[in-house]
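Remember, it's 1-based here, ligands and their atoms both numbered in the order they're listed. Excluded from the calculations below are hydrogen atoms, water molecules and symmetry mates; all remaining heavy atoms, backbone and side chain alike, are included.
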Amino acid sequence: LIPAAIESLIVQFARFPGVGRRSAERLAFDLLAAPESRRGELIGALESLGQVGLCPTCGYFTQDGDCTLCCAERDPSVLLVVEKTTDVVAVEKAGAYKGQYHVLGGHLSPLKGITPDRLHIQALLDRASDQCVREVILATSASVEGDATAIYLTGHMRRPGLLISRFGRGMPVGGSLELTDAGTLRLALEGRRGVDL
Ligand SMILES: [Zn+2]
């Protein structure tokens, strides 16, 4: 009943998290009913994603090779380690952190074949070995894999003069930073504790 061209658009929309078939249909029909200029704007926005990459230093998004985090005037003595690029957005929204970030791109999970070489870990070890870094805050997820990742990183980063801390309590178990409200994130940051191994 639905023409193939529209159906394929519905299928694309339905791939997004939280978007079911019915919502996808609404989006597709809304776009069809909208002025043609809006389709052009959507196509333009999608095409400009081609300028987006990942920073080889911190693992956050770059545009045309420029990283807004590494270029910014942020405190170079503190590194906050998160799993996902969206975690950076969540912590920035909370507005309580002024140091540098490092995005791992996930957490260790040997059962799923996610070994240290599959994550952005070597770059982190290189950064953490820089003497100007005084503290590394591990904000990997409050899950078995997130904890295992934090333990692995601690074991490889330890050196005199470097404080390694873990996000404080209050983070929902298994929950990701991006789904945590700003107040809880601020408390977790303030309540961070040194990791002793
Ligand atoms: Zn960067």
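Salt-bridge check for D30 with R38: passed, with a basic side-chain N closer than 4.0 Å to an acidic carboxylate O. Salt-bridge formation is detected for the pair E25/R21: a Lys NZ or Arg NE/NH1/NH2 atom is positioned less than 4.0 Å from an Asp or Glu carboxylate oxygen. The pair E135-R193 fails the salt-bridge criterion, with no side-chain N (NZ, NE, NH1 or NH2) lying under 4.0 Å from an Asp/Glu carboxylate O.
Around the Zn ion (ligand 1), protein atoms of type N, O or S found under 2.8 Å number 4.
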Which atom pairs, donor and acceptor, lie under 3.5 Å between side-chain atoms of residues 104-111 and protein residues at least two apart or in another chain?
from : atom 1 : to  : atom 2 : distance (Å)
H107 : ND1    : E83 : OE1    : 3.2
H107 : ND1    : E83 : OE2    : 3.1

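Applying the salt bridge (Lys or Arg N to Asp or Glu O under 4.0 Å) criterion to R127, with sequence neighbours excluded, gives no partner residue.
Counting only residues at least two apart or on different chains, the side-chain hydrogen bond (donor to acceptor under 3.5 Å, both in side chains) pairs with a member in residues 55-73 are Q51-Q63.
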